[in-house]
Student: 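Quick one: this structure, given as structure tokens, is what I'll be asking you about.
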Amino acid sequence: MKNLAKIKSLNPRRLLFLLLRFFFLFSISAVALEHWTRTSHARRVVAGDGLRGAWVWGGMGRVGLGVAVGCAVVASGIAAVAVWRRVRSRRGWARAVAVLKEFEEGCATPVSRLRQVVDAMAVEMHAGLASDGGSKLRMLLTFVDALPNGDEKGTYYALHLGGANFRVLKVELGGTRSAIMKHQDEYQLIPQDLVTSTIEGLFDFLAMTLKRLVEKDGEGSGQSDDTIKELGFTFPFPLKQLSISSGTLVKWTKEFAIEDANGKDVAQCLHEALIKSGLEMRVAALVNDTVGTLALGHYEDEDTVAAVIIGTGTNACYVERTDAIIKCQGLLTNSDEMVINMEWGNFWSSHLPRTPYDFDLDDDSPNQYDQGFEKMISGMYLGDIVRRVLLRMSQQSDIFGECAHLLSTPFILSTPLMASMHEDSTPDLKVVERILLDEFKLPNVSLKARRLVVRVCDVVTQRAARLAAAGIVGILKKIGRDGSGGVASGRVRGKPKRTVVAIEGALYVSYSSFKEYLNEAVAEILGEEVAPNVVLRVTEDGSGVGAALLAASHSLQR
């Protein structure tokens with residue numbers, strides 16, 4: 001019955017062609033048998049060999065009959081195999097397409113759903129500002145109550161601690177927004193043993209490297225200028241901020257695992273290392289990279305009210321009214337505003353379009369049940385979601401051949417490679433073909449299968465970009481810049497205020513399809529009246545220059 005069902009699923013014209021070919025071969029065999037038998041009989045009569053001749057030729061007739069029947073059986077077998085292969089191929093392709101269709105439906109982000117995500121983001125922001133632990137969003141105070149405005153002057157330094165490396169730089173400010181000059185922007189690898197040793201060993205290494213940069217510029221300790229130099233320290237790990245220039249480490253992420261650092265004031269640890277090195281320098285601002293991006297964005301455009309980083313990881317921050325920060329009522333600040341570090345990678349809502357592949361990715365991750373939003377929109381995870389869908393297709397069909405075992409290797413497909421396949425502009429998708437061969441050892445993948453791969457990349461990218469857009473509009477809704485009015489009405493004489501969001505990160509800056517999808521979604525959600533007043537502006541090096549600018553705006557010399 002199963003074989004019959006397979007045959008019925010074939011295109012009728014194709015099935016008819018296969019059956020006609022089978023009967024044609026069988027008929028030729030039968031005609032040949034009859035002709036050969038008659039010829040043999042005629043020869044036997046002419047020869048007149050009697051019984052011996054009849055027996056010989058009769059035996060050979062039976063042999064010929066057997067050969068003919070065998071030929072017919074072989075021909076029918078070949079036809080049956082051909083039919084079966086075509087049935088299997090068609091059914092396999094249909095199953096692969098069904099996997100894609102189901103995935104597309106699960107990832108759907110119509111504007112109605114995006115607006116639900118916007119509302120959920122705004123609600124979680126309110127809850128996070130009301131109490132610690134009241135929301136999946138941490139809504140951390142940064143104590144940054146003065147953003148750079150372009151009036152800053154002087155020389156400031158920045159130290160950005162990354163993953164496998166860090167960098168130091170010097171910034172000279174001339175008092176106008178256009179007068180930023182960077183000098184000696186240097187990268188340095190962190191020795192592997194230091195990321196698991198002690199906090200003292202790590203920060204001693206950072207201090208000595210910073211000292212070398214200062215001395216290289218002729219501003220070492222032997223110089224007559226006794227003015228204490230000021231530093232912006234970008235520390236991209238979860239902190240409990242105590243002031244603009246101090247904060248205790250909550251936990252390490254990435255590959256760092258220094259046990260004696262938890263609970264310590266990292267700015268104080270760096271300050272002690274600087275003293276030990278003989279360098280007169282003060283940590284004027286302790287920030288994360290997202291706050292640095294906001295600082296740089298505001299320096300370049302005073303209408304900047306929020307910043308988002310969408311790269312390997314993702315985060316956002318924005319300027320909030322101090323009277324809206326309920327969990328810190330009575331907080332003494334120099335202004336009526338403060339920058340809030342949202343840590344939005346941990347955002348979660350039932351309105352997010354989560355698929356079985358997202359659940360599986362979360363189950364396999366070391367931080368299960370955490371960073372749900374980040375796992376759907378950041379560069380760390382998008383390539384692996386695509387891999388999981390392709391693996392499912394290979395399990396349901398043979399569109400990738402018999403050697404698709406490498407598809408089961410976690411994170412073998414990076415997001416940059418996924419983006420290259422997605423944006424492959426060659427007519428026959430040669431880039432896709434090369435990546436499938438190089439990364440997964442999949443040769444001879446058909447063109448239509450390669451098109452299916454591109455479509456999977458598109459679905460993953462589109463969902464990520466549109467959800468990130470909903471998150472951005474959620475911030476605007478919270479501060480009244482989405483056109484909906486509210487307490488912080490973002491209007492000037494009845495018209496929406498101009499609002500700038502600074503954006504940094506390779507996923508947005510370097511991945512054009514992602515950028516286009518995000519921009520389109522922001523415009524769709526906001527509508528025709530408000531969208532023209534919202535500017536998404538790319539900034540460069542907020543984690544470096546932005547940190548130095550914050551050191552300047554919070555300098556003791558101002």
Side-chain angles (χ1 to χ4, degrees), residues 121 125 140 142 144-150 152 158 160 169 171 173 177-178 180 182 232 234 236 285 287-320 337-345 377-379 465 468-482 488 490 496-512 514-516 518-519 521-523 526 530-554:
M121 178 69 77
M125 291 172 71
L140 302 175
T142 66
V144 174
D145 54 10
L147 289 170
N149 58 18
E152 294 79 10
H160 177 208
L169 62 153
V171 177
L173 304 174
R177 281 194 164 90
S178 61
I180 291 182
K182 276 196 306 182
T234 302
V287 299
N288 72 2
D289 48 1
T290 316
V291 177
T293 297
L294 176 57
L296 179 57
H298 193 271
Y299 183 87
E300 295 173 342
D301 191 322
E302 62 182 359
D303 290 331
T304 303
V305 297
V308 176
I309 289 181
I310 313 176
T312 303
T314 184
N315 193 16
C317 67
Y318 72 104
V319 179
E320 181 59 273
E337 295 179 328
M338 181 182 290
V339 176
I340 297 295
N341 171 21
M342 294 175 61
E343 292 292 338
W344 85 346
I377 71 170
S378 77
I472 291 171
V473 179
I475 297 173
L476 301 184
K477 182 179 181 68
K478 170 64 181 70
I479 60 177
R481 297 293 187 100
D482 68 329
K497 286 183 181 179
R498 180 175 180 271
T499 299
V500 179
V501 178
I503 302 185
E504 200 169 324
L507 204 58
Y508 183 83
V509 175
S510 303
Y511 190 0
S512 59
F514 185 96
K515 182 177 182 178
E516 290 172 8
L518 189 151
N519 292 348
V522 168
L526 290 174
V530 178
N533 299 286
V534 175
V535 179
L536 304 181
R537 177 172 178 170
V538 172
T539 61
E540 185 177 351
D541 200 11
S543 59
V545 176
L549 288 169
L550 283 169
S553 63
H554 291 81

Student: Hey, mind stepping through L294 and V144 against side-chain contact (heavy atoms from CB on, under 4.5 Å) and telling me if it holds?
Tutor: CA-CA 11 Å; L294 176 57; V144 174; over 6 Å; no
Student: Can you tell me if E152 uses its side chain to pair, donor with acceptor, with the backbone of G150 under 3.5 Å?
Tutor: yes
Student: Kindly write out the residues that satisfy side chain to side chain donor-acceptor pair (under 3.5 Å) with E504, not counting sequence neighbours, or none if the list is empty.
Tutor: T293, T539
Student: Minimum heavy-atom separation for F514 and A468, please, with both atom names.
Tutor: CZ-CB, 4.5 Å
Student: How long is the gap from CG on N341 to CG on N288, to the nearest 0.5 Å?
Tutor: 4.5 Å
Student: Working to the nearest 0.5 Å, report the span between CD1 of I472 and CD1 of I310.
Tutor: 5.0 Å
Student: When rounded to the nearest 0.5 angstrom, what is the spacing between CD1 in I377 and CG in L518?
Tutor: 8.5 Å
Student: With side-chain contact (heavy atoms from CB on, under 4.5 Å) as the test, would you mind laying out the steps for V534 and V473 before giving the verdict?
Tutor: CA-CA 10 Å; V534 175; V473 179; over 6 Å; no
Student: Between A146 and S553, what is the shortest heavy-atom contact and its length?
Tutor: O-OG, 3.3 Å
Student: When you measure from the side chain of S378 to the backbone of T314, do you find a donor-acceptor pair of N or O atoms at a distance under 3.5 Å?
Tutor: no
Student: I'd like to check the ring pair (Phe, Tyr, Trp, His ring centres under 6.0 Å) partners of Y511; sequence neighbours left out, ordered by chain and number.
Tutor: H422
Student: Give the minimum heavy-atom separation between A552 and L173, together with the two atoms involved.
Tutor: CB-CD1, 3.6 Å
Student: Looking at every non-hydrogen atom in both residues, tell me the closest pair between G471 and W344 and how far apart they are.
Tutor: C-CZ3, 3.3 Å
Student: Provide the closest heavy-atom pair for G544 versus A158 in the form atom of the first, atom of the second, distance.
Tutor: O-CB, 3.2 Å
Student: How far does CE of M121 sit from CE of M342, to the nearest 0.5 angstrom?
Tutor: 5.0 Å
Student: Could you go through the side-chain contact (heavy atoms from CB on, under 4.5 Å) check for V530 and T499 one step at a time?
Tutor: CA-CA 10 Å; V530 178; T499 299; over 6 Å; no
Student: Could you tell me whether the side chain of D145 and the main chain of M338 form a donor-acceptor pair under 3.5 Å?
Tutor: no
Student: Checking T290 side chain against C317 main chain: does a donor-acceptor pair fall under 3.5 Å?
Tutor: no
Student: Hey, could you give me the OG1/CG distance between T312 and L507, rounded to the nearest 0.5 Å?
Tutor: 8.5 Å
Student: Are any non-hydrogen side-chain atoms of Y299 and V545 less than 4.5 angstrom apart?
Tutor: no
Student: Is there side-chain contact between K477 and M125, with at least one heavy-atom pair below 4.5 Å?
Tutor: no
Student: Taking all atoms of both residues into account, what is the closest heavy-atom pair of G546 and A295, and its distance?
Tutor: O-CB, 3.8 Å
Student: How far apart are the C-alpha atoms of K497 and V305, what are their side-chain angles, what is the distance that settles it, and do they pass the side-chain contact (heavy atoms from CB on, under 4.5 Å) test?
Tutor: CA-CA 11 Å; K497 286 183 181 179; V305 297; over 6 Å; no
Student: Any chance you could measure R481, atom CZ, to D303, atom CG, to the nearest 0.5 Å?
Tutor: 7.5 Å
Student: Answer whether the closest heavy-atom distance between the side chains of K515 and V538 falls below 4.5 Å.
Tutor: yes
Student: Quick check: do V501 and L476 have side-chain heavy atoms less than 4.5 Å from each other?
Tutor: yes
Student: Please examine the side chains of L147 and V339, heavy atoms only from C-beta on, and report whether any two atoms are closer than 4.5 Å.
Tutor: yes
